[in-house]
Amino acid sequence: MDISNTLDQKNGIKIVAFLCNWCSYGGADAAGTARLKQPPQVRIIRIPCSGWINPLYPLKAFNEGADGVLISGCHPGDCHYAEGNYYARRRLEVLGHFLPFMGIDPQRFRYSWISATEAQEWQALITEFTEKIRELGPIKKHVEVS
Amino acid sequence: MTIKYAYYPGCSLESLAREYNVSTRLVCQDLDIELVEIPDWNCCGAAPACQVDHMLSSALSARNLALAESFKLNVMAPCPKCFNRLKEADLEMKDNPDHLREINNLLEKPYHKGVQVKSLLQVLYQDVDRELISCRVKIPLEGLRVACYYGCMNARPADINDFQNPEDPTSMEEILAPLGAELVDYPLKTYCCGAAFGLARVDLVLRLANELLEMATLVGADVIAVACPLCQQNLDLRQLQVNARYGTRYNIPILYLTQLMGLAFGHSSKELWLDKHFVKFRKLPGATQAVSSGAR
Amino acid sequence: MRIGVFVCHCGSNIAGTVDCPRVVEAARGFPHVVYATDYTYLCAESGQDLIKTAIQEYSLDRVVVSSCSPKMHEETFRRAARQAGLNPYLVEMANIREQCSWIHSDKEAATRKAIDLVRKGVFKVSRDQELFPSFFKVNKDVLVIGGGIAGIQAALDAAQGGHRVTLVEKDQTIGGNMARLDKTFPTLDCSSCILTPRMVDVAVNESIELLAYHEVEEVKGYVGNFDVKIRRKATYVDWSKCTGCEECVGKCPARIYDKFNQGLGRTKAISLPFPQAVPKKVTIKKDFCHFFLKGKCRVCEKVCQFEAINFDDQDQIIERKVGAIVVATGYEAFDPIAYLEYGFGKYKDVITSLQYERMVSASGPTMGHIKRPSDGEEPKTIVFISCVGSRDRAKGRSYCSVACCMAMAKQAILTKEHIPDSTSYLFYIDIRAGGKGYEEFVDRAREEYGAQYVRGRVSKIYQKGKKLVVKGTDTLLGMPIEIEADLVVLAVGIAPPQDAPELAQKLNISYDQYGFFVESHPKLRPVETNTTGVFLAGACQAPMDIPASVAQGSAAAAKALGLLAKDELEASPIVASVEIKRCVGCFKCEAVCPFSAIQRQELRDGIMVSNVISTVCKGCGLCGVACPTGAIKVNGFTDEQILAEMEALLL
C-alpha cells in the first residue's frame, strides 16, 4: 500500500500550520466545535508555544515541499508561558525578511495571533491564507537556470 | 493652503435648492476650498434608480467617481442623499472586486477606486480649521438662537457617516459655533422630517413636521439650520400647511448652514438667495434690520 | 516496534464525514503498524477496553488514537494505556473531529486529511520515549481573589475544608456588587439580610485572613506552589486602632463621588462605604483629602480618639505562598455613556439600574425614597429599558447579561410597592427568565403589580419640559410608541472589570474578547482554567446571577479542596531536559526561561552546565530554540518528533 501523502493529488497545495497548544490550537478546536467550514488543505501540528518554533522548522517544511507555512500563537501579552510569543514575534518577523534570499516568496509564510475563543478569526485566517497560497500555486522546488 | 475638491452638486442643487449651491460656493471660496465642478456629471443614482436596479444606480454613481478620478480629486457632495449614494457605491466597489468588474463593463471610462467621497458637512468639519472660520466672521450672529437639524441622511447609516456619532451628531454645531450664534440643544436633531412621503402620505409629513417645529419652538430656536435640500423644503414649504392643520402659528425660518455662514461672513441676503424661502428670515445679525420686503 | 491504530467514529460526528474503514485500511500500511481498527465510541468504557485488550493481545508498544481533540480525551486514553501496562506517554492522538470531520463537508477530502493526520500520529509515536512524572510537595493554603458573594462562598467553603485561606479584596470592604442591591429575585429576600451574616462569618473565621484594600501584584510559581505578592494599599488609617465609629467622617470637609452608591449622593474623603462594611474600618482617599491636596486640615486626626490616623502610611508589598487560587473578581456595571441616544449623563433623570437599586434601598442616599435626581420629586411614570450594553453588536456587546431581565422585573415590583399610584413600562427584546421560580416571578410582576411590558427597543430619549420623552417601537403592535416618563432606568449589562486582562496576564489564564476569563471546558470543566491550580468563580467568568455565583464559588472551592487533598502532586514529564554531553555552558537557556527553571550545575573540574528543575519547568521550549548546540529539548516535542510529523505530512 502506498503510504505517500494524498494532499497534492487533487487540491494541489499543502499548507502546514504550527499552532500553540494553549491559544491557537484551542481556537482551531473551537472553530471545529462551532462547525465553521474551512478549506481542507491545512494540516496542523500542535506545539507547546509559538516561542518554541525554531525558524529552521518552517524552512524545513518549505524544503520538503510545503506550499505555505502558518504559525499562530497567543496574542502578545497573553502567552501561557508569559513571554514566549514575544520571542516568536521577533524571530518570525526576521525570518520573513530572509525568505526571499532563500528563493521563497514571503507571502507563503504567515504568523498570527489567535486566541482560544477566536474561532471565527481562525476560520477567516486560514480561508484567506489558503486562497492566497492557491493563487500563488505549488512551490517550485528548484529555481530553473536559464 | 487651498483644499481642492471635485464638486458634485446633484440635481437638487440645480433646481429647488439653488440657494444651497450658491451659498456653498460662496462659503467655500471664503474658506479657501477650491471646488471643481465635475464636468458632465450625471444623476447620482438615488431615489428612482436605486429602487429599481441596484446595478444601474451604482453605475451612475461610478461614472461620476471615474470622472472625478481623472482629475485626481476627492469628491464633495452637499446633498446628503447624493453623498450617501456615491459613497455607498464607492465602498461596494472597493469591497467587492467582482462588483467593480461588472460596473466597469458598463462604463466608458473605468473606475480605479482612487477617490474618496465626503459630504459638505464632513469637509467643513474635518478639513477646515475652526480658527479660520472665526477669522472670516465679519458680522457675528450674536443673539441668534440656532437649532441644528440633521435629519436622517446627515447622520446615518453609521458606516457611511462614519465621522460622527449617528445617535448624537455634533458636526454642524461645531462648524457653526465660531459664528457667535447661540446653539440650542435640539433633541430631535436626527428625526425624520417625512420628506420621503411627501406625495404619498401628506398626513404623516405634517405630523412629523409639526413635531419638529414644536420642539424647535420649545427650545426657543429663532432659526433651524439644515444641510439637506429635502429637510429645508419640507419644513419651509409645509409650515403654512402645518399651521392650518394643527392650528399652530409657527414662523421659523429654515436656513442652510452655508447661508448662516455666508451671513456671518458678510455676504448680503441677496447674494445668499434668502428671499427664496417661504418663511422669511428677518432677524439679521448685528442689527434689527428687516430683510428685504416680501412679508406675506 | 509494534504500533496500534484506533479510529473512532464518534457516532456520526466523525463517521458522517470521514470514511473510517478506509482510514483503518490506510493505517495498516503505515510503518510499524501491526494492528488497526475502528469503533463507534472509543472514549466509552467498551472502547477503552478494546484498546486495553488490543495492547495486551497484540503486544502493542505504541498507540495512536484517532478521534477528537487531545484537549478533550488525551488524559482518558493515556490512563487506559497505563492500565494496560503501557507507558502513557507512548500514546498520541490524531484530531480528526474538531480539525477534520466537523469543518469539512467533502467526504473524500476529509477522509484523505484524516489519513494524513493518522500518518502524522504514527510517525510521531514511533519517536516517542517512555516518560515518567516526578512528584512535588503541595502547599495547602488557598488564595481567593475578590470578596463578592462568589469569593466569600469559596473562602468559607475552603476554610471549612480545613485550609487556611487568604481573601484579597481591592475595595475597603467585602460584599461586592451584591451589597449594593436592595432585594434579590425571585424571593424578594433583602440582599443585605442574607449577605451581611456571610460577611461577618468571613471576618470571624480564624482560618481566613481577610486582606481588604489589597490587590494582587504578582503571581509566580505553579500549582501547589504559588508565590503571590500582594499590595496593601495605603489607607492612612491604622486599622488595628480604628473602631469604625465614623466620628471623623462627620467632620471631614471633602465631599467626593460616592462609588458605593454609584454616584448618587456624595461621600467624604475619609469614609466607610456602608454601615455594615466588613472590615468596618475607614480609609482616606488621598486624591481628594484636603490635607494631601492643600497641606492643611487634619481634622480627622484631631477628632479621632484612638489616634488611628496616620498620614505617613505607605503602600506595602506582602508575600504569601499558596497551593491553589480561586479568582472571583466579579463584574462592573456597563457604562451606558456609550448610548448617546439615551442621554445618560446629559439628563439627570436617566439613571442606571444599579443607581436605582441604591435609591430603593433603605440604607441608600435617599433613605429608600424614590426621587427624581433632578428635582427630588416622586416619579409616577417610570420607564425601564433592558439590554443596555447587552445583546447589542453595534456596541460591541453581543452577549446576554443574564440577570437584568429578572432585576428589571424585581425593580418594577419594588417601584409599585414604594409608589402605589405609579406605572412602570418595561421595554424588552425577550424576557429571559430561565431559572427556578423566575418565570413565575415575571408573571407576578405583570399580573399583580401591573408592570407594562413593551416589546421593542427605545430609539431616543429627550427632555421635554420636566418630562423625558421615550420614543421606541412596540414590535408586537408594529407601531411607534412614545411615553412621557418622569424617570428612566437603564438595565445596564454585566461587564468584566476593566483591569481583568491585566489580572489574567498575572495569572497566566485566558480571557475572551470582552474580558471574561476562559474556563477549561465550557461544559465539563466550568470552574477550572488552563492553568492548573487556578479556578474561577462568579461573574468574572461569564455574566451570572447570585445563585449561580454562589454555586460556582462552592464548586471552585471543592475543586481546590480536591487538588489539595493530596500531599504530593504529579508533575507532567513534558518538560525540558539537558543532554549534558552537548551542553557548552553558555546559559542562553537560563536567560530566556520565563520560570527560572534552569539551574547551573557543576561537573568535575569546575565545568558548568545547565540543569532543568523539572518541577518548575512548564515545557514551553523557549530554551530549546535558544540553545546553540541542541543540547536542551522538551520531552514529547523533540526536534525528531516534529520533523517526523512534518515528514509524514509532506511525504
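Labels below follow one simple rule: chain letters A, B, ... track the order of the sequence lines, proteins then strands, and each chain is numbered from 1.
Contacts between C/Lys120 and chain A at a heavy-atom distance below 4.5 Å involve the side chain alone, from C-beta outward. At a 4.5 Å heavy-atom cutoff, the contact between C/Asp639 and chain A is made by backbone and side-chain atoms alike. Looking at A/Arg46, the atoms closer than 4.5 Å to chain C (heavy atoms on both sides) sit in the backbone and in the side chain alike. For A/Leu56, no part lies near chain C; criterion is any non-hydrogen pair under 4.5 Å. With a 4.5 angstrom heavy-atom cutoff, A/Ile44 touches chain C via backbone and side-chain atoms both. For A/Ala31, the part sitting under 4.5 Å from any heavy atom of chain C is the backbone (N, CA, C, O) and nothing else. Both the backbone and the side chain of A/Ala61 have a heavy atom closer than 4.5 Å to some heavy atom of chain C. For A/Cys20, no part sits under 4.5 Å from any heavy atom of chain C, backbone or side chain. Contacts of C/Ile574 with chain A are absent, with no heavy-atom separation under 4.5 Å from either backbone or side chain.
Among C/Gln505, C/Glu645, C/Gln99, the residue with the largest count of heavy-atom pairs under 4.5 Å with chain A is C/Gln99. Note: A/Tyr81 leads A/Tyr57, A/Tyr81, A/Tyr87 in heavy-atom pairs under 4.5 Å with chain C. Heavy-atom pairs under 4.5 Å with chain C were tallied for A/Arg35, A/Lys37, A/Lys60, A/His75; the largest tally goes to A/Arg35. In terms of heavy-atom pairs under 4.5 Å with chain A, the best-connected choice from C/Gly636, C/Pro70, C/Gly624 is C/Pro70. With chain A as partner, the option from C/Val592, C/Asp512, C/Val518, C/Leu117 having the largest number of non-hydrogen pairs under 4.5 angstrom is C/Val592.
With respect to the salt-bridge test (charged N to carboxylate O, under 4.0 angstrom), the residues C/Asp116 and A/Arg43 qualify. Using a 4.0 Å cut-off between charged nitrogen and carboxylate oxygen, C/Glu217 and C/Lys229 do not count as a salt-bridge pair.
Counting all heavy atoms, side chain and backbone alike, C/Ile103 lies closest to A/Gly32 at CG2-CA, 3.6 Å. Between A/Ala17 and A/Val42, the closest heavy-atom pair is CB-CG1, 4.0 Å. Across all their heavy atoms, A/Cys79 and A/Cys74 have their closest contact at CA-CB, 4.0 Å.
Ring pair C/Phe516/C/Tyr399 is perpendicular by interplanar angle, where above 60° counts as perpendicular and below 30° as parallel.
A side-chain donor-acceptor contact under 3.5 Å links C/Thr111 to the backbone of C/Asp19.
For the pair A/Arg110 and A/Phe129, the cation-pi criterion (under 6.0 Å, within 45° of the ring axis) is not fulfilled.
Side-chain contact of A/Gln107 with A/Lys132: a donor-acceptor pair under 3.5 Å is present, judged by distance alone.
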